[in-house]
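Note sheet for the following structure.
FYI, the numbering just counts along the sequence from 1.
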Amino acid sequence: MSDYADAYAQFSWSAANERIDWQAGGKLNMAHEAVDRHVAAGYGDQRALRWISKSGEQRDFTYLELQKQTNRFANVLRNQGFERGSRIFSLLGRRPELIIAALGSLKAGCIFCPLFSAFGPEPIKARMEIGEADALLTTAPLYRRRVQGIRDELPTLQKVFMVGDSDTSAGHASFDALMAQAPEAFDVEPMAPEDRALLHFTSGTTGKPKGVVHVHEAIVAHQASGEMALDLKPGDVYWCTADPGWVTGMSYGILAPLANRATLIVDEAEFDARRWYDILQEQAVNVWYTAPTAIRMLMKAGTDAIAKRDFPDLRFMASVGEPLNPQAVIWSHSVFGQPFHDTWWQTETGGIMIANYACMDVKPGSMGKPLPGIEAGIVETDGAVVRELREPLAMGELALRPGWPSMMRGYLHEDARYGACFRDCWYLSGDLAMRDADGYFWFVGRNDDLIKSSGHLIGPFEVESALMEHPAVAEAAVIGVPEETAGELVKAFVALKPGHIASEELLLEIKGHARRHLGPAVAPKEIVFRNNLPKTRSGKIMRRLLKARELGLPEGDLSTLESDET
Ligand code: WT7
């Protein structure tokens with residue numbers, strides 16, 4: 001894309017559709033677009049993936065090898081009785097088997113659902129129940145810690161594939177052994193554009209997590225947005241630091257870059273400033289997609305970590321998931337000689353919707369402009385009516401005109417919740433934003449109680465429910481409190497049942513309980529006791545009031561307040 005306005009004016013999804021290697025009868029398959037078509041076009045020897053293990057060992061896969069491995073897994077699924085539409089879940093760290101399983105499942109026409117490996121048993125159980133998981137891929141240690149205790153509560157689960165472990169004593173299948181026996185050839189399932197492909201869970205303010213359904217046709221948007229927003233070109237070395245347990249790690253960690261015939265760098269290890277700078281330099285990364293929390297950690301690590309380094313290959317850097325501070329963009333100019341390009345989207349949108357493009361000036365602090373093919377607006381809702389606010393810098397809800405290929409096709413089993421996202425031919429994002437006179441969008445905040453911590457969306461309800469399961473807890477309210485690096489931290493207010501006395505010991509016990517049930521990614525970092533929590537007359541806890549008090553902000557309308565904290 002050399003000129004944004006031209007590209008925006010000329011783009012059409014039907015033209016983007018023509019880039020797909022369509023099969024007979026208007027069929028396609030995401031995994032064919034990501035892998036097999038490149039092999040067929042003569043790029044089988046190109047590296048598709050370089051995996052760096054925690055200890056620094058490297059393993060490479062060419063497109064041809066990736067094709068064979070994903071075919072093998074598709075055969076494994078078939079041999080084990082899984083069909084089109086079967087739900088294959090993973091609970092794995094960043095390792096090649098996760099990518100192979102995802103693409104192999106898609107080849108077999110199964111629906112793939114990655115779970116974040118730092119989830120505890122409660123979030124895992126809720127997601128596997130809602131998603132009616134038929135199979136799970138995991139490792140023996142993750143299984144022992146996170147799944148064993150809930151195994152009996154998952155009636156739909158037929159098979160557990162153990163990765164990197166040949167112990168099949170508990171009736172589990174050995175991924176490695178089955179892969180070794182499976183044939184390398186597989187006829188990829190031709191799928192209709194609207195056939196389900198991926199399931200990603202996202203949190204709600206109330207109720208259970210939402211299973212967001214994406215279809216095979218989404219790959220059209222992944223390919224196009226990878227090219228337009230991330231500047232991906234065939235042969236690029238590309239590093240997306242997101243975990244495939246979340247939508248970014250799937251859409252832009254696997255699908256978009258492979259559809260654009262890039263080479264993925266996948267690092268198994270957790271964040272480490274020196275390691276990250278090493279990877280950027282030694283792997284000669286061309287395009288880098290990361291997140292504000294990580295960027296802030298790099299800024300904090302200071303200049304020592306970056307001393308004597310040079311990144312001549314780095315061409316484009318982008319960020320997603322939370323507000324990217326203007327200081328981070330200014331810092332990146334001084335360290336990398338180029339800005340981070342902020343991008344905005346959601347689990348629901350399946351792909352990038354608003355971005356700063358390589359051909360466009362970055363306004364530090366702005367999310368950029370709508371992707372060609374996407375119409376975005378700032379709106380005000382009044383019942384069923386949606387009014388677009390066109391005056392520059394008017395604040396309202398960020399809304400999109402539905403109709404792009406990677407848009408969700410539903411929340412599993414929750415038609416009403418899905419329907420509530422749309423009004424008057426708009427999709428309402430739940431984010432508050434503004435648009436300036438030049439057409440750049442600026443993030444203001446969320447319109448709801450969801451918490452963004454280290455880029456992960458956390459639903460307060462899920463955390464509150466786990467806290468309430470502790471025998472001493474009568475009520476719990478959970479909010480996000482601002483924190484410099486992670487953006488927000490999860491904080492819980494807890495009222496005890498009669499007969500329980502607040503103590504440091506009990507606090508630690510409840511904290512431990514939350515961590516065991518929710519896992520480190522979701523559990524509250526801070527818990528405080530209250531005698532009572534502020535509630536409305538209908539008994540709903542007023543998280544907003546707790547948050548306002550916590551932050552010293554105006555308390556707003558208190559007319560519905562029934563009982564208050566003491
Ligand atoms: C929410 C969606 C983006 C895919 C991964 C996260 C927030 C996202 C930005 C940004 C400020 C952002 C929004 C959005 N968000 N990108 N560039 N600036 N906020 O997907 O977990 O569904 O979260 O993340 O609040 O609604 P998600």
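The closest side-chain heavy-atom distance from Gln283 to Gln58 is below 4.5 Å. Two residues are said to be in side-chain contact when any heavy atoms from C-beta on lie closer than 4.5 Å; Phe175 and Val76 fail this criterion. Tyr8 places a side-chain heavy atom less than 4.5 Å from the side chain of Glu375. The shortest distance between side-chain heavy atoms of Leu106 and His216 falls below 4.5 Å. Between Lys233 and Asn286 the shortest side-chain heavy-atom distance does not fall below 4.5 Å. Within the 4.5 Å cutoff, the side chain of Leu298 has no heavy atoms near those of the Thr290 side chain. Taking 4.5 Å as the limit, some side-chain heavy atom of His413 sits within range of a side-chain heavy atom of Glu132.
Atom CZ of Arg309 sits in a crowded spot, with more than 12 heavy atoms from other residues, nucleotides or ligands closer than 6.0 Å. Counting heavy-atom neighbours within 6.0 Å of Lys369 NZ, excluding the residue itself, gives a total above 12. The environment of CZ in Phe271 is crowded: more than 12 heavy-atom neighbours from other residues, nucleotides or ligands sit within 6.0 Å. Within 6.0 Å of CD in Glu270 there are 12 or fewer heavy atoms belonging to other residues, nucleotides or ligands. Applying the 6.0 Å contact sphere to CZ of Arg95 captures more than 12 heavy atoms from other residues, nucleotides or ligands.
In summary, Glu189 and Arg84 engage in a salt bridge, as defined by a charged side-chain N under 4.0 Å from a carboxylate O. Using a 4.0 Å cut-off between charged nitrogen and carboxylate oxygen, Asp134 and Arg87 do not count as a salt-bridge pair. Under 4.0 Å is where a charged nitrogen must lie from a carboxylate oxygen, and between Arg94 and Asp243 at least one such pair does. Between Glu268 and Arg59, none of the side-chain N atoms (NZ, or NE/NH1/NH2) sits under 4.0 Å from a carboxylate O, so this pair counts as no salt bridge.
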Quiz item: So Glu184 and Arg72, salt bridge (charged side-chain N to carboxylate O under 4.0 Å, His left out) or not? Walk me through it.
Solution: CA-CA 5 Å; Glu184 275 176 6; Arg72 279 179 192 266; 3.0 Å; yes

Exercise. Apply salt bridge (charged side-chain N to carboxylate O under 4.0 Å, His left out) to the pair Lys125 and Glu153, showing each step before the final yes or no.
Key: CA-CA 8 Å; Lys125 187 178 89 181; Glu153 298 164 67; 2.8 Å; yes

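The backbone N or O of Asp431 sits less than 3.5 Å from a side-chain atom of Ser429, completing a donor-acceptor pair. Although no hydrogens or angles enter the test, the distance criterion places a donor-acceptor pair under 3.5 Å between the side chain of Thr62 and the main chain of Glu65. Judged purely by atom type and a 3.5 angstrom limit, His341 has no side-chain atom pairing as donor or acceptor with the backbone of Phe316. Of the possible polar contacts, one joining the Ser332 side chain to the Gln338 backbone as a donor-acceptor pair under 3.5 Å is found. Under the 3.5 Å distance criterion, the side-chain polar atoms of Arg261 are left unmatched by any main-chain donor or acceptor of Ala259. Between the side chain of Trp246 and the backbone N or O of Phe116, no donor-acceptor pair lies under 3.5 Å. Remark: side-chain polar atoms of Asn356 are paired, donor with acceptor, to backbone N or O of Met367 under 3.5 angstrom. Panel note: side chain Arg47, backbone Val237; no donor-acceptor pair is recorded below 3.5 Å. Arg127 contributes a side-chain N or O that, together with a main-chain N or O of Pro123, makes up a donor-acceptor pair within less than 3.5 Å. The backbone N or O of Gly350 sits less than 3.5 Å from a side-chain atom of His222, completing a donor-acceptor pair.
Distance check, rounded to the nearest 0.5 Å: CD1 of Ile99 to OG1 of Thr70 gives 11.0 Å. Distance check, rounded to the nearest 0.5 Å: CG of Asn75 to CZ of Phe186 gives 6.0 Å. Note that the CD atom of Glu227 and the CG atom of Asp236 stand 11.0 Å from one another [nearest 0.5 Å]. Here NZ of Lys208 is found 10.5 Å from CZ of Arg417. Values are rounded to the nearest 0.5 Å.
For Tyr427 and Thr349, the side-chain atoms include no donor-acceptor pair closer than 3.5 Å. Judged purely by distance below 3.5 Å, without hydrogens or angles, the side chains of Lys107 and Asn71 pair a donor atom with an acceptor atom. For the residue pair Glu322 / Thr293, a side-chain donor-acceptor distance below 3.5 Å is found, with atom types taken as modelled. Side-chain contact of Gln223 with Asn260: a donor-acceptor pair under 3.5 Å is present, judged by distance alone.
Relative orientation of the Tyr418 and Phe422 rings is perpendicular, given thresholds of 30° and 60° on the angle between their planes. The aromatic rings of Phe73 and Phe161 lie perpendicular to each other, with more than 60° between the two planes, well past the 30° mark. The aromatic rings of Phe201 and Phe89 sit tilted, their planes meeting at an angle between 30° and 60°. Ring orientation note: the planes of Tyr252 and Tyr289 are nearly perpendicular, at an angle over 60° on the 30°/60° scale. Classified by interplanar angle (parallel below 30°, tilted 30° to 60°, perpendicular above 60°), the ring pair Phe311/Tyr277 is tilted.
Among all heavy-atom pairs drawn from Ile254 and Pro244, the shortest one is CD1-CB, 4.3 Å. Nearest heavy-atom pair across Ser251 and Pro257 is O-CD, 4.1 Å. Closest approach of Pro339 to Val329, counting heavy atoms only: CB-CG1, 3.8 Å. Shown here for Tyr63 and Ala262, the closest heavy-atom pair between the two residues is OH-O, 2.7 Å. Closest heavy-atom contact between Ala376 and Ile354: CB-CD1, 4.3 Å. In terms of heavy-atom proximity, Asp21 sits nearest to Arg37 at N-NH1, 3.4 Å.
Of the options Asp267, Val266, Asp278, a side chain to side chain contact (heavy atoms under 4.5 Å, CB included) to Ile52 is made by Asp267 and by none of the others.
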